[in-house]
Amino acid sequence: MTTTLLHLAVDLVAAIILAYGIYARRHHRGDLACAYLALNVGVCVSVAVLLSVSSASALGLGLFGVLSIIRLRSDSISQQEVAYYFVALVLGLVNGLPSADWRIVAVFDVLLLAVMYVADHPSRTRGPQRRTVVLDTVYPDEQTMLMELRARLGGTVVRHSVSEVDYVREVTVVDVRFRPDAAPVVHGAPAAHR
């Protein structure tokens with residue numbers, strides 16, 4: 001019992017660091033931070049309770065049930081957010097194993113948190129940005145469309161893919177990766193975009 005409580009305490013600390021110390025501070029979305037924390041603690045508690053059952057079939061069925069209810073379909077989420085969901089899930093699974101040495105579990109927790117801290121660090125997001133753009137016309141040629149994208153996004157289009165052309169509503173939906181142009185500098189500060 002003491003070992004299980006220690007694992008739950010370590011898990012809670014790791015989950016709070018992941019959800020509020022890393023994710024919420026960088027992405028300013030309290031709703032997803034709450035979801036990561038709830039997912040993590042729920043998985044950890046479920047695994048700990050299921051492992052206290054002596055029947056292997058009950059354990060397998062219970063774990064399958066816990067993992068199958070986790071669905072990411074409610075909102076459109078980015079790949080970064082999927083990574084946070086995955087790490088929250090793995091933290092819960094690892095910390096929910098009361099038979100594992102808590103020091104090894106703590107090392108794995110630190111490793112997972114360090115990977116997310118580095119992988120999602122703001123200094124790594126200076127590459128091309130991605131947008132889904134809905135243009136209010138159907139373009140007769142690709143060059144005209146690319147000029148419009150460049151003007152709207154204020155950057156150089158690196159890659160684009162037309163995902164929808166609707167001649168009835170006269171819209172074109174484009175998935176774009178672009179590099180923003182450097183902002184003009186006025187008296188040492190970036191000028192505000194209008």
Side-chain angles (χ1 to χ4, degrees), residues 6-48 63 66-97 100-134 149-150 152-161 163 173-183 185 189-190 192-193:
L6 183 59
H7 279 252
L8 289 174
V10 170
D11 179 65
L12 191 57
V13 169
I16 289 171
I17 291 171
L18 177 73
Y20 293 100
I22 300 175
Y23 180 79
R25 292 181 72 195
R26 291 183 179 169
H27 299 280
H28 309 289
R29 286 199 60 184
D31 59 334
L32 279 178
C34 178
Y36 298 142
L37 183 63
L39 170 71
N40 171 272
V41 173
V43 168
C44 184
V45 168
S46 299
V47 169
L63 275 175
V66 166
L67 297 177
S68 67
I69 64 169
I70 299 166
R71 302 171 90 177
L72 306 176
R73 297 185 198 166
S74 57
D75 282 336
S76 175
I77 61 173
S78 70
Q79 295 303 312
Q80 281 176 321
E81 290 160 346
V82 170
Y84 277 97
Y85 268 116
F86 182 73
V87 170
L89 177 70
V90 171
L91 283 170
L93 287 170
V94 168
N95 286 297
L97 301 171
D101 184 355
W102 70 269
R103 291 168 291 210
I104 294 173
V105 169
V107 168
F108 286 140
D109 288 353
V110 169
L111 176 66
L112 287 166
L113 293 172
V115 165
M116 287 308 295
Y117 180 83
V118 172
D120 189 36
H121 197 272
S123 66
R124 298 182 50 79
T125 60
R126 294 190 181 142
Q129 297 180 13
R130 180 180 180 221
R131 298 279 188 284
T132 299
V133 180
V134 179
L149 287 170
R150 183 174 178 7
R152 285 188 185 213
L153 298 171
T156 304
V157 175
V158 176
R159 184 171 173 257
H160 70 285
S161 172
S163 56
V173 180
V174 188
D175 181 43
V176 184
R177 295 192 191 276
F178 70 101
R179 291 187 195 283
D181 293 336
V185 177
H193 290 291

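Predicted model only: the values in this text are computed from it and were never measured.
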Inter-residue atom distance [X].[atom1] - [Y].[atom2], 0.5 Å rounding:
X    : Y   : atom1 : atom2 : value
L12  : I17 : CG    : CD1   : 10.0 Å
F108 : L97 : CZ    : CG    : 11.0 Å
M116 : L91 : CE    : CG    : 10.0 Å
L39  : L18 : CG    : CG    : 10.0 Å

Side chain to side chain donor-acceptor pair (under 3.5 Å) partners of [X], counting only residues at least two apart:
X    : value
R103 : D101
D11  : N40, N95
Y84  : D120

I'd like to check the side chain to side chain contact (heavy atoms under 4.5 Å, CB included) partners of L8; sequence neighbours left out, ordered by chain and number. T4, L5, C44, V45
Go through the structure and list residues passing side chain to side chain contact (heavy atoms under 4.5 Å, CB included) with V134, not counting sequence neighbours. V171, V173
Please find the pair of heavy atoms, one from A15 and one from L37, that lie closest to each other, and give the distance. CB-CD1, 3.5 Å
Restricting to non-hydrogen atoms, name the atom on A33 and the atom on A24 that form the minimum distance, rounded to 0.1 Å. CB-CB, 4.0 Å
Taking it one step at a time, do V47 and V43 satisfy side-chain contact (heavy atoms from CB on, under 4.5 Å)? CA-CA 6 Å; V47 169; V43 168; 4.2 Å; yes
Under a 4.5 Å cut-off applied to non-hydrogen side-chain atoms, are Y85 and L89 in contact? no
Taking salt bridge (charged side-chain N to carboxylate O under 4.0 Å, His left out) as the test, write out the residues that go with R152, two or more places apart. D136, E148
Using the rule side chain to side chain contact (heavy atoms under 4.5 Å, CB included), only one of R150, R131, R159, H160 pairs with F178; which is it? R131
For the side chain to side chain contact (heavy atoms under 4.5 Å, CB included) test, which of L153, T132, V158 pairs with V176? L153
Considering residues, nucleotides and ligands other than Y20, do more than 12 of their heavy atoms fall under 6.0 Å from its OH? yes
Could you go through the side chain to side chain donor-acceptor pair (under 3.5 Å) check for E81 and Y23 one step at a time? CA-CA 9 Å; E81 290 160 346; Y23 180 79; 3.1 Å; yes
